[in-house]
Amino acid sequence: MDPGLQRALNPLAPSQDTAMHVPAGSVTSHWGTTGRGYFCFTTASLALCLVFAVATIMVLVVQKTDSIPNPPGQFPLKGGNCSEDISCILKRAPFKKSWAYLQVSKHINKTKLSWNKDGIIHGVRYQDENLVIQFPGWYFIICQLQFLVKCPEHSVDLKLELLINKDVKKQTLVTVCESGAQAKNIYQNLSQFLLEHLQVNTTISVKVDKFQYVDTNTFPLENVLSIFLYSSSD
């Protein structure tokens with residue numbers, strides 16, 4: 001190549017030292033910020049999906065009824081608390097025959113979760129960590145749990161299972177604290193939904209493989225199990 005042309009082209013080529021030199025600290029900071037932003041975005045998205053799913057079912061129920069009177073009480077949505085939003089939607093619902101809204105017990109010592117007995121239960125029975133169906137029909141089931149994992153030196157699998165009688169009908173699995181992760185504490189939301197036709201005395205329960213990570217302190221109101229009778233068979 002002509003020497004003059006070569007000298008003219010050289011300024012356009014980036015310096016190899018400049019292209020490859022990136023401070024290690026800036027990379028770590030970038031990934032830390034990205035990780036926190038991704039967690040906040042994921043949690044907000046799951047909460048929004050949960051409220052949207054319940055709202056969608058509510059629209060379907062309203063469309064099935066000819067005339068639904070206004071409820072005597074006012075239950076405005078709280079906005080920032082997904083669990084309270086679900087409770088308010090259920091209180092305003094036209095179905096009053098069978099529904100329940102329970103928060104997880106503070107004392108969890110096995111994979112099958114127990115629930116506070118002072119929750120809202122109507123037309124359903126709670127016995128031995130199970131919700132027991134009293135009226136046949138199609139039921140919508142919602143479970144949401146918050147986890148706090150103090151990362152060990154290995155990855156952790158978090159699994160949420162919805163059981164009808166003793167059979168797993170729906171499950172969610174996520175792996176946290178993967179190799180190379182720099183975060184010490186991981187907050188993780190798991191939720192699951194199910195529309196199922198249930199008979200009288202059918203049981204509903206929830207199992208969590210790593211129950212010790214269920215966070216009952218930071219977000220005590222966000223660990224809930226809720227069901228309602230969408231369409232009655234009798």
Side-chain angles (χ1 to χ4, degrees), residues 22-54 78-87 101-116 119 129 131 140-164 166-194 204-227:
V22 179
S26 64
V27 174
T28 304
S29 175
H30 170 73
W31 281 110
T33 303
T34 303
R36 288 192 297 270
Y38 178 75
F39 167 74
C40 294
F41 174 77
T42 303
T43 302
S45 299
L46 288 171
L48 181 61
C49 290
L50 189 63
V51 175
F52 178 76
V54 178
K78 304 297 182 182
N81 191 315
C82 183
S83 297
E84 291 186 10
D85 287 353
I86 297 172
S87 177
Y101 178 84
L102 299 175
Q103 294 174 355
V104 75
S105 172
K106 282 277 189 180
H107 307 289
I108 303 174
N109 55 14
K110 56 182 178 180
T111 58
K112 187 176 181 180
L113 298 185
S114 59
W115 306 88
N116 292 330
E129 295 136 6
L131 285 173
F140 191 67
I141 306 167
I142 309 167
C143 183
Q144 175 184 266
L145 295 174
Q146 302 286 344
F147 294 82
L148 172 57
V149 182
K150 295 182 179 179
C151 287
E153 296 180 355
H154 54 80
S155 61
V156 177
D157 292 331
L158 302 175
K159 183 166 65 172
L160 164 65
E161 295 179 332
L162 278 179
L163 289 83
I164 304 299
K166 295 183 179 181
D167 300 324
V168 176
K169 288 293 184 179
K170 272 293 197 64
Q171 63 180 357
T172 301
L173 175 66
V174 66
T175 300
V176 298
C177 302
E178 294 180 314
S179 177
Q182 299 296 321
K184 294 182 179 180
N185 297 329
I186 298 291
Y187 289 92
Q188 180 67 49
N189 176 294
L190 291 184
S191 58
Q192 193 55 265
F193 319 95
L194 177 64
I204 301 169
S205 59
V206 177
K207 281 189 176 181
V208 174
D209 192 24
K210 303 292 193 308
F211 61 87
Q212 67 270 26
Y213 294 125
V214 176
D215 184 12
T216 59
N217 296 317
T218 309
F219 304 105
L221 301 180
E222 298 296 312
N223 299 303
V224 297
L225 172 64
S226 180
I227 72 168

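Any value given below was found using the heavy atoms of this structure, including those in side chains, with hydrogens, waters and symmetry copies removed.
Minimum interatomic distance between Val104 and Ser114 (heavy atoms only, all atoms of both residues): CG2-O, 3.5 Å. Considering all non-hydrogen atoms of both residues, Thr175 and Glu178 come closest at CG2-CG, 3.9 Å. Heavy-atom minimum distance, Trp115 versus Leu145: CH2-CD2, 4.3 Å. Nearest heavy-atom pair across Cys143 and Leu225 is CB-CD1, 4.1 Å. Residue Val149 comes nearest to Cys177 through the heavy atom pair CG1-SG, 3.8 Å, listed as atom of the first residue, atom of the second, then distance. Closest non-hydrogen pair, Lys170 versus Phe193, comes out as NZ-O, 2.9 Å.
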Exercise. Could you walk me through whether Lys106 and Asn217 pass side-chain contact (heavy atoms from CB on, under 4.5 Å), step by step?
Key: CA-CA 8 Å; Lys106 282 277 189 180; Asn217 296 317; 3.6 Å; yes
Practice problem: Verify side-chain contact (heavy atoms from CB on, under 4.5 Å) between Val174 and Gln188, making sure each step is shown before the conclusion. | Solution: CA-CA 9 Å; Val174 66; Gln188 180 67 49; 3.9 Å; yes
Exercise. Take Ile141 and Ile164 through the test side-chain contact (heavy atoms from CB on, under 4.5 Å) and record every step on the way to the result.
Key: CA-CA 10 Å; Ile141 306 167; Ile164 304 299; 3.8 Å; yes
Quiz prompt | Residues Tyr213, Val176; criterion side-chain contact (heavy atoms from CB on, under 4.5 Å); working and verdict | solution = CA-CA 12 Å; Tyr213 294 125; Val176 298; over 6 Å; no
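Every pair tested for salt bridge (Lys or Arg N to Asp or Glu O under 4.0 Å) that includes a residue from residues 209-218 fails, sequence neighbours excluded, so the list is empty.
Side chain of Asn223 to main chain of Gln103: no donor-acceptor pair is present (N/O by atom type, distance under 3.5 Å, no hydrogens or angles).
The OG1 atom of Thr172 sits 10.0 Å away from the CG atom of Asn189 when rounded to the nearest 0.5 Å. With rounding to the nearest 0.5 Å, the separation of CG in Asn116 from OG1 in Thr216 is 10.0 Å. The structure places CG of Leu162 at 11.5 Å from NZ of Lys169, a figure rounded to the nearest 0.5 Å.
Shown here are the side-chain contact (heavy atoms from CB on, under 4.5 Å) partners of Leu173, two or more places apart in sequence or in another chain: Asp157, Lys159.
By the 4.5 Å heavy-atom criterion applied to side chains, Val224 and Ile142 are not counted as neighbours. Ile204 places none of its side-chain heavy atoms less than 4.5 Å from the side chain of Leu194. Using a 4.5 Å cut-off on side-chain heavy atoms (C-beta onward), Phe147 and Val208 make contact. Counting heavy atoms from C-beta outward, Ser205 and Glu129 have side chains that stay 4.5 Å or more apart.
Using modelled atom types and a 3.5 Å distance limit, the side chains of Gln171 and Gln192 yield no donor-acceptor pair.
Few gaps surround NZ on Lys112; more than 12 heavy atoms of other groups in view lie less than 6.0 Å from it. For Lys150, the NZ atom sits in a loose shell: 12 or fewer heavy atoms of surrounding residues, nucleotides or ligands are nearer than 6.0 Å.
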